[in-house]
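So you know, we letter chains A, B, ... as the sequences are listed, proteins then strands, and number each from 1. What you are looking at is a predicted structure, and each value in this text was computed from that prediction instead of being measured.
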Amino acid sequence: MEPLAIVSFLAAVLAATWRLATPFIFTSLGEVFSERAGVLNIGLEGVMLIGAFTAFAITFFTGSPVLGLAAAITSGLACGLLFAFLTVSLSANQIVVGAALNLVGLGLTSFLYRSIFSGRMETAREYVSFSPLEIPFLSSIRFFGDILFKQNLMVYATPIVVLLGSFILYRTAFGLSVRSTGEHPRTVDSAGLRVSMIRYASVLIGCGLAAVGGAYLTVAHTNQFNEGITSGRGFIALAVVVIGRWSPWGAFAVSLLFGFFYALQLRLQAVSGITIPYQFFQAMPYLLTLVVFVAMRRRAAPPGALGVPYKS
Amino acid sequence: MKSKIWQLTSTLLGSFLLLVLAGGCSGGSEKEINAGVFKVGLLSPGPVNGQGWTQIAYEALLKIEKELGAQISYVEVEQSPALFERAFRDYASQGYQMVLGHGFEFQDAALTVAKDFPNTYFFISSSKIREGNVIGVDSDSSEAFYLMGVVAALMGKAAGLVGGVEIPPITNAFIGFTNGVRSIDPDFPISTTYLGSWTDAAAAKEAAFSMIAEGADFIIPDADAAGSGVYQALNETGPGYWSFGIYNDYTSQAPNNMIGNYFNDYGQGLVNLARMVKDGNFDIQTNVEFGLKDEDVIWVKFVEGRVPVDVQESVETARQGIIDSKINTLSPIR
Amino acid sequence: METVEPEIAQKPPSRRSDLKKISFSPRYLFTLGRKMAPPVAALAAALLVGAILLYAAGYSPWYAYGVMWEGAFGSRNNLAETLLKATPLILIGSGLAVAFRSGIWNIGAEGQLYAGAVAATLAGIFFTGLPAMILVPLVLLAGMLSGAIWGGLAGFLKVRFGASEIVTTIMLNFIAIIATSYLVTGPMIEEVGKFPQTAQIADAARLPRILFPTRLHIGFLLAMGVALASYLLLFKSSRGYALRTVGISPDAARYAGINVGAGLMISMAISGGAAGLAGATEVAGLTFRLYQEISPGYGFDGIAVALLANNNPIGVIFTGILFGALRSGSEVMQMNAQVPSVLVSVIQGVVLLSAAALGVFRITVAESRKE
């Protein structure tokens, strides 16, 4: 390739990287909070789907993606409330409830989609979404302009949200109590804090952000809903949290890495002469997770009380 | 202690279930066959309201209902080859005269069931089989894609193809496109990407973006519901980049970018077949293959004012050549 | 103020206590009723939620459920189809019961099923010359071994590297599914037609059918056998006692001289083997070849099936049939009442949620992570 072609190739791949990473970023950031407080939610895929569908439906009927996004967050919080009620208040098994959320998420969104939107498929596909926002001047910078300054609002929001998440987790009293709850709930309890409240809050953050990650797919990255549109992204987010070692910036970086694989995969296929099966790239995030476990040995230890219900 | 209780719970629950089973067995009788009604069933490989492939079968079914007054039914047997045989058998034993399995994957199951139900016609989409009452029905997209290839080569700089999954209906369409392009310009660049998904519209959109960055100005999806992502990418990129609507009119999704639409009224084709079945004069001895020759089934229509007259003439020449079998749209690519 | 107390494992019951449990004292029946109420209530709640959804979407719940019932049990063929769906669920559920009782969260049955299906297909295509007497067991064994290795891999990663099996098994699911997709579109694709599927397995590799004229095959009996064997292993053997001790308290197990790591690996291999066997019976009993999407999510349903039976393999037979009936009935419901069959996912999910709310799953996750 010519040097110039390589630059434009890179710019396109990196711009796509950020866009493809965005749903991972939101969802995994939320899960960092949840897991840091000791609650493992494997139902992210279901929550993402519910968020995606809600955002789509509300945007379709109101014409406002902002309202759609707000509704998605609400739906995510509702899932979170249910999840926390069952796993925290009733000490139900987190895996069971997570698996159930996945089932309900897929079934409910598909059922509603067919009941409400079948017959109006043509119109359903057209609604306003968050479209790319070119930042004046900056967007015309060569190379960086394409990557950084021609994205949509939700993509721009990711570093801000991660910064905020990181600040809350490491620099606030609430963050400290979240982290302590995941390691030593009993200590938190004896310090006079309510473990259940902290876990509720963390699960709500987790599910709320997962719903945002789902909503991104239907009101920002594309403007349509398909059954199962999340295509396993909720599970990839789980992997992101592990490889990012339960930290917000770690999750951000790993999300970008996975976004990069995704973008590279789509792009390399189009470049003639390269014949790596696309399945290889699809499997990349999952393989990498296993490699990380092996490479980090026991240093990649999750929060000590992850998955363990607590009763005061 | 606890486990023993569970053991017994299970035993009781079991006896209950067995009772239920026994009751169900004795109570159930084979459904009566309503001979007077013309009944048509559909096995759909995905949600019937998905775009593209699954939708055309569903619309076909609705058309059969409307035009022939048939009693219709469909079942989504997605992702579960093990279920196909049952669905065929259920329909056939309920006296359905015609059952459509919408995809090559239904062929095995139809062959197995068909022996027991000689009075039911089993149609299998995108199959070329003909064994007794199992009839492959293929609507050959390669011909329409050939015409798109001609347009792209005459009007564009480079083309990109975004496929859902690498299966013959898709690869054949793309071979047709490539042959069309080569008939005009053997060096015209074409790149192809498979998503490995029929639903991931975001991936389709990014695939299209990357093709645009690579210099392609004709980008055509064949990826069902995910394909819309391509139109959205073009719509965002702006005028000067072109696509075709696949199977249906998608002009509204990218009003400035759609150069034409490839219509596949599979429904009309099936109505034609169903009418023969209904009237009892189905006498086709081979498999069925719809192509440009079936003008009420497959056609390409350009958006007004987008295609110069000379290009339209070349397309028309190619179309005639295909209909007259002078052009083989599926000839192997070197 | 402490974490939930794990229940104490029972010793393997003696013969005498075996006999005792057959007596139906009123007190026993009362306890029994109390124990049975939650799962039944959970099912009722789920059906109610389903009914509300049906009603809201403009269907008659009564009619739809009637059709569903017919579809699950209404004829010999429908019953056979229900049992066919129950077969992989029972196999997977029995294996998972062993894993869950040992305190290891195998979420990877789906991937293990795929691993089994791939190996079984290879065996069925490759060893064509063999007679059925040898080939059928060989195919099943290949599937089982392959699943056991795939499951054992996650066990190994946990024991050797401390990797959370919840995460690794989910990853291994995707890897197995994607690898299968690669195999059937690439190296293993059929010669003729070139559709993404393998060639058919040899006739001699196919499982005998047991209920003419339905498709019910010997895999169902095999599943019952596996359930029984898992039950005996878990509750009637000293090995099972050791596994359950590991599940309840790894520390106590270690103190008692039990090799915790080996226990975890073994139960992962057992549950993986059962799931692999399910993959093999699907290929050898029903589809006769490998496709990209050989399982509609049996591996995930199997988790629910095991948990709903409180991880008792005998109970799994019934919860497996229940979930099989839901799936099979919902197809007929769609066919004859045109109700989207995805509704069944909601019903299954709500069964789990309500069962969770009613405290069915009170087994604590053993904290074996920090060994």
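Neither the backbone nor the side chain of C:I347 comes within less than 4.5 Å of any heavy atom of chain A. At a 4.5 Å heavy-atom cutoff, the contact between A:S110 and chain C is made by backbone and side-chain atoms alike. If you measure heavy-atom distances from C:N173 to chain A, you find no contacts under 4.5 Å at all. Of the atoms belonging to C:I107, it is side-chain heavy atoms, and not backbone ones, that fall under 4.5 Å from chain A. In this structure, chain C has heavy atoms under 4.5 Å from both the backbone and the side chain of A:L108. With a threshold of 4.5 angstrom between heavy atoms, A:I236 does not approach chain C through any atom at all. Proximity to chain A is absent for every atom of C:F300, based on heavy atoms less than 4.5 angstrom apart. With a 4.5 angstrom heavy-atom cutoff, C:I303 does not touch chain A via any of its atoms.
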Given side chain to side chain contact (heavy atoms under 4.5 Å, CB included), test C:L157 with A:V294 step by step and report yes or no.
-> CA-CA 7 Å; C:L157 288 172; A:V294 173; 3.5 Å; yes
Under the side chain to side chain contact (heavy atoms under 4.5 Å, CB included) criterion, do C:W105 and A:N93 qualify, and how do the steps go?
-> CA-CA 11 Å; C:W105 282 101; A:N93 186 291; 3.0 Å; yes
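Residues C:L172 and A:L290 form a side-chain contact, since some pair of their non-hydrogen atoms from C-beta on lies under 4.5 Å apart. C:V167 is not listed as a side-chain neighbour of A:L238, based on a closest heavy-atom distance of 4.5 Å or more. Residues C:I166 and A:I95 form a side-chain contact, since some pair of their non-hydrogen atoms from C-beta on lies under 4.5 Å apart. Side-chain contact check for A:V97 versus C:L353: some heavy-atom pair is nearer than 4.5 Å. Between A:R114 and C:V342 there is a side-chain heavy-atom pair separated by less than 4.5 Å. Under the 4.5 Å side-chain criterion, counting only non-hydrogen atoms from C-beta, A:Q279 is in contact with C:T185.
Between the CD atom in C:Q348 and the CG atom in A:L103 there is a gap of 6.0 Å [rounded to 0.5 Å]. Atoms CG and CG, from C:L358 and A:L90 in turn, are 9.0 Å apart once rounded to the nearest 0.5 Å. Atom-to-atom distance recorded for A:F293:CZ and C:S164:OG is 5.5 Å, nearest 0.5 angstrom. Taking CE of A:M284 as the reference point, atom CD1 of C:I175 lies at 11.0 Å (rounded to 0.5 Å).
Using cut-offs of 30° and 60° for the angle between ring planes, the A:F235 and C:F174 rings count as tilted.
Nearest heavy-atom pair, C:A357 versus A:L86, reported as atom, atom and distance to 0.1 Å: CB-CD2, 3.4 Å. The shortest heavy-atom contact between C:S345 and A:G107 is CB-CA, 3.7 Å. Across all non-hydrogen atoms, the minimal contact from C:V346 to A:V104 is O-CG2, 4.2 Å.
No other option in C:L53, C:V49, C:V339, C:L153 has as many heavy-atom pairs under 4.5 Å with chain A as C:L53.
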